[in-house]
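To start, the structure under review is shown below, and the notes come after it.
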Amino acid sequence: MAKVKSAFFCQNCGAQSPKWIGKCPSCGEWNTYVEEVIQQEAKPTINAFTAAADKPTLISEITSGSTPRITMPDKELNRVLGDGLVPGSLTLFGGEPGIGKSTLLLQIALAVKNLRVLYISGEESQEQLNMRAKRIGIKNQECYILTETLIQNIFQQAEAVKPQLLVIDSIQTLYTGQIDSAPGSISQIRQCTADLMRYAKTTQVPVFIIGHITKDGSIAGPKVLEHMVDTVLQFEGDTHHLYRLLRTTKNRFGSTNELGIYEMTGGGLREVSNPSEVLITAREEPVSGVAIAAITEGARPLLIETQALVSSAVYGTPQRSSTGYDLRRLSMMLAVLEKRCGFRLGAKDVFLNIAGGIKVEDPATDLAIVTAILSSSEEIPVSPKFCFAAEIGLSGEIRPVNRIEQRISEAEKMGFEQIFISRYNKKSIPEKTAIKVVTVGKMEEFFGKVFG
Ligand code: TYD
Ligand code: MG
């Protein structure tokens, strides 16, 4: 009987060690080593495809652009991929359970035209997949479904079907016969991803992989998974909210920080092509504590609603809570208002919320946040025809932000009448605008202009 050999793998970076160690020498994390069984005898590699022998070529002699990108049926996906799918690329879709990863990929598999798709599921049976496909309601004659978890079998089937797009529903369920450890373990994930990578690169078939996410938001398994693939897309959003955001966190073929927006409906995911319309609540009358921010997500301008509620603290220590916006940044805004503008908010509870369940990181949200807080605190509604785009510095100055033309034109398109921006952005304002552009330099000046 072959002796079982085991090794220890760092759960964070995937480094290997023959013994358990407390601190990983390669990434410096503590207590991340876990024992896994590995095969002692090297089995012959059972790959159903053969790699063509490559020789070194001068970079100037490589002909590029011979294989054009594949345009996906889904505009949002095209955007996050960076204008279409690159042949032979490996794309990882991460996201929490129940967010809609399987739905999205099955929907794409069904919607692509003139492409033979092989959808491998290790999580659901063929009947279950068929039920889901019926729910989505798109028919595709060239979409093959296979429930399989052994990677060698998958390659064998792929050899027979010759797909032009391969979808793997969850890398955590796959395993290779070459390694003895359980599916989902580090060494299995690493080996299966490496095999899929080799498959993609040699056959030029694009591969989509679904990856589970852990409690703390990282993709389950080692970071090596993210290092190995070409593109990492995160599917996020609150399962209680309708909207789902598809974010690029890594992209070898395009820009990161792109954003795709979907809405979960009874019949699958629907693309949201005009997000500003859905993220802003249509109101009859102005209410206090609401201000609209003109932000950008990647290259995409978006108008979002920021809401604040300021009330007297019932308990000794005032509460500060924030959803969708950095809490530390909120504290900073409150300190600026207190120190530079003389508003007494120290004894008040402040609650902040970004409507629609989205998270913003764009500093251009600052001005809208401050406006919403003051509007709530003073009980003065802000005109629903105003929007804001500027960062606020610690000295209370209103600072410029990038892509101001795009923000202005989006606000104009959405029918806003005034946009408040920094004085230092003046140079980049387009000459003729239907919207009134108000430039401000200091907070004091700003309040006069907004609240009159
Ligand atoms: P699913 O794709 O199974 O999530 P994941 O693969 O990321 O774990 O999505 C599951 C959720 O989506 C489930 O809670 C039900 C919901 N859903 C709809 O609302 N409408 C639909 O048409 C489908 C297929 C799913
Ligand atoms: Mg799933």
Side-chain angles (χ1 to χ4, degrees), residues 72-77 80-81 90-112 117-140 143-149 151 154 165-175 183-184 188-189 192-193 196 207-221 225-226 229 231-249 259-273 275 278 356-359:
M72 290 276 109
D74 187 316
K75 278 203 206 73
E76 302 297 299
L77 184 67
V80 289
L81 287 172
L90 191 61
T91 310
L92 174 68
F93 286 77
E96 283 178 30
I99 200 86
K101 302 179 294 295
S102 308
T103 308
L104 178 67
L105 287 192
L106 186 63
Q107 193 171 325
I108 294 164
L110 291 172
V112 281
V117 187
L118 180 56
Y119 186 102
I120 317 267
S121 180
E123 305 199 332
E124 284 157 286
S125 69
Q126 294 190 337
E127 291 78 48
Q128 285 168 333
L129 283 164
N130 193 25
M131 267 162 57
R132 196 196 286 264
K134 285 220 178 81
R135 215 171 149 187
I136 294 168
I138 311 171
K139 287 208 169 66
N140 184 346
C143 179
Y144 292 85
I145 301 286
L146 173 69
T147 46
E148 178 60 75
T149 48
I151 196 140
I154 292 174
L165 173 65
L166 182 66
V167 180
I168 306 280
D169 194 347
S170 125
I171 185 79
Q172 276 86 1
T173 58
L174 289 197
Y175 72 103
Q188 285 286 6
I189 290 180
C192 291
T193 315
L196 286 168
V207 179
F208 286 163
I209 324 178
I210 290 179
H212 295 170
I213 221 166
T214 56
K215 253 201 333 281
D216 59 356
S218 60
I219 291 170
L225 188 53
E226 274 126 303
V229 301
T231 307
V232 181
L233 302 178
Q234 288 272 12
F235 208 32
E236 53 187 58
D238 205 322
T239 36
H240 305 297
H241 278 96
L242 287 177
Y243 299 107
R244 303 283 191 274
L245 309 180
L246 190 62
R247 241 180 241 284
T248 334
T249 51
L259 182 74
I261 304 180
Y262 293 90
E263 183 184 350
M264 186 57 103
T265 67
L269 290 153
R270 193 179 65 85
E271 299 162 39
V272 178
S273 47
V278 294
I358 61 170
K359 291 190 188 71

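Atoms within each ligand, like the ligands themselves, are counted from 1 in listed order. Every value quoted in this text rests on a predicted model; they were computed, and no experiment measured them.
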- Query: Got a second to check how far E124's CD is from M131's CE, nearest 0.5 Å?
  - Reply: 9.0 Å
- State, with a plain yes or no, whether a side-chain heavy atom of L225 is found less than 4.5 Å away from one of V232. no
- Is any side-chain heavy atom of L106 closer than 4.5 Å to a side-chain heavy atom of I145? yes
- Item | Residues that F208 engages under ring pair (Phe, Tyr, Trp, His ring centres under 6.0 Å), provided they are two or more places apart | F93
- Query: Among the protein atoms near the Mg ion (ligand 2), how many are N, O or S and lie under 2.8 Å away?
  - Reply: 1
- Query: In Å and rounded to the nearest 0.5 Å, what is the OG to CG distance from S170 to L105?
  - Reply: 11.5 Å
- Message: Show, in sequence, the C-alpha distance, side-chain angles and deciding distance for D169 and L129, and conclude whether the side chain to side chain contact (heavy atoms under 4.5 Å, CB included) test is met.
- Response: CA-CA 11 Å; D169 194 347; L129 283 164; 5.5 Å; no
- Test item: R244 side-chain N/O and M264 main-chain N/O as donor-acceptor pair under 3.5 Å: no
- Query: Are K359 and E236 ion-paired here, with the side-chain N under 4.0 Å from a carboxylate O?
  - Reply: no
- Message: List the residues meeting salt bridge (charged side-chain N to carboxylate O under 4.0 Å, His left out) with R135, not counting sequence neighbours, and say none if there are none.
- Response: none
- Note on the structure: Within the heavy-atom cut-off of under 4.0 Å, ligand 1 is lined by E96, P97, G98, I99, G100, K101, S102, T103, R132, R135, M264, T265, G266, G267, G268
